[in-house]
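Notes follow once the structure below has been shown.
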Amino acid sequence: MTVSADVDFLTYKIDRTFDMLDGDADGLLTEADLCGLADGMAKALGEASDAPKIVELRDAFRHFWHSELGRMSSDSSREVLTREDFCAGMRGRATSQGPEARDEFLGNVGVMTHCWMDIGSRDGDGRVTRDEFVAMYHNGMGVPEGELGDAFAELDVDGDGLLDRDEVRQATAEYYTSEDPEAPGNWLFGPI
């Protein structure tokens with residue numbers, strides 16, 4: 001993929017995220033789309049949809065909808081979010097509303113990331129292997145499997161063959177806030 005000359009790099013990454021989150025591909029993001037990711041992760045990893053880790057992830061997605069995404073909607077019902085509202089809102093929370101808004105935003109994203117890693121870490125240590133990473137993002141979010149091996153290597157900044165919470169937290173912050181095209185976090189969902 002290449003970034004269009006008329007779209008800045010950060011907006012491109014955020015726009016790309018919209019497509020991964022819009023589970024029914026109707027061009028609108030809803031709370032159900034987010035919660036569907038938890039169900040997809042359960043199915044992909046052979047977990048029951050009512051398993052505590054899956055329930056916790058679903059709750060984290062609901063919290064993110066109500067604390068962040070629903071507020072970004074220009075629809076007064078706050079039940080749907082357009083691509084345009086999503087990109088403007090995410091960009092605003094991550095970069096232009098000040099450090100407190102950015103920290104709150106990253107904290108809310110971090111809750112989901114923490115739950116996501118708990119599910120992906122099959123031995124329960126909160127760290128994911130390359131195979132677990134591929135399963136999480138390919139089966140859970142539809143990222144092409146062939147793109148994820150290189151992504152894992154870029155994100156594993158200490159080279160220990162595992163992604164820990166700090167590496168994923170840093171990558172997530174870079175993905176959603178950095179304009180630097182060389183930041184390792186740009187690989188969070190595969191190559192740009």
Transitively linked via ILVMFWY side-chain contacts under 4.5 Å: [X] with [Y]?
X	Y	value
L81	L21	yes
I192	V157	no
V111	Y175	no
M20	M136	yes
L45	F61	yes

Considering non-hydrogen atoms only, spot the tightest contact between [X] and [Y] and give its length.
X	Y	result
A151	G190	CB-CA, 3.8 Å
L163	F152	CG-CE1, 3.4 Å
I14	C87	CG2-CA, 3.7 Å
M112	L57	O-CD1, 3.9 Å
E56	C115	CG-SG, 3.5 Å
H63	N108	NE2-OD1, 3.1 Å

Atom [atom1] of [X] and atom [atom2] of [Y]: how far apart are they, to the nearest 0.5 Å?
X	Y	atom1	atom2	answer
R62	C35	CZ	SG	4.0 Å
L148	D131	CG	CG	11.0 Å
D24	L29	CG	CG	9.0 Å
M41	L37	CE	CG	9.0 Å
R169	M117	CZ	CE	9.0 Å

Is there a side-chain contact between [X] and [Y] in this structure, where contact means two heavy atoms from C-beta onward sitting under 4.5 Å apart?
X	Y	value
F64	V109	yes
D8	R91	yes
T30	D22	no
T82	L28	yes
H138	P144	no
L162	D156	no
L69	M90	yes
S74	E84	no

When T113, T17, T172, V143 are each screened for side-chain contact (heavy atoms from CB on, under 4.5 Å) with L188, the one that passes is T172

Would you find a donor on one side and an acceptor on the other, under 3.5 Å apart, between the side chain of [X] and the backbone of [Y]?
X	Y	answer
E68	W65	no
R16	F189	yes
R58	L34	no
S121	G126	yes
S73	V80	yes
E167	D158	yes

Would you call the rings of Y137 and W116 parallel, tilted or perpendicular if under 30° counts as parallel and over 60° as perpendicular?
tilted

Using the six-membered ring wherever Trp is involved, compare the ring planes of F105 and Y176 and label them parallel, tilted or perpendicular (cut-offs 30° and 60°).
perpendicular

Between K53 and E47, is there a salt bridge with N-O shorter than 4.0 Å?
no

Are D118 and R165 ion-paired here, with the side-chain N under 4.0 Å from a carboxylate O?
yes

Where do N186 and K13 land on the side chain to side chain contact (heavy atoms under 4.5 Å, CB included) test, with the steps shown first?
CA-CA 8 Å; N186 295 335; K13 292 187 293 182; 2.6 Å; yes

For E104 and R93: C-alpha separation, side-chain torsions, deciding distance, then whether salt bridge (Lys or Arg N to Asp or Glu O under 4.0 Å) applies.
CA-CA 8 Å; E104 181 182 29; R93 290 291 285 159; 2.8 Å; yes

Can you check salt bridge (Lys or Arg N to Asp or Glu O under 4.0 Å) on R83 and D19, steps first, answer last?
CA-CA 9 Å; R83 178 182 302 273; D19 291 328; 2.5 Å; yes

Quick one: do E132 and R127 satisfy side chain to side chain contact (heavy atoms under 4.5 Å, CB included)? Show the steps, please.
CA-CA 9 Å; E132 290 167 339; R127 300 178 302 169; over 6 Å; no

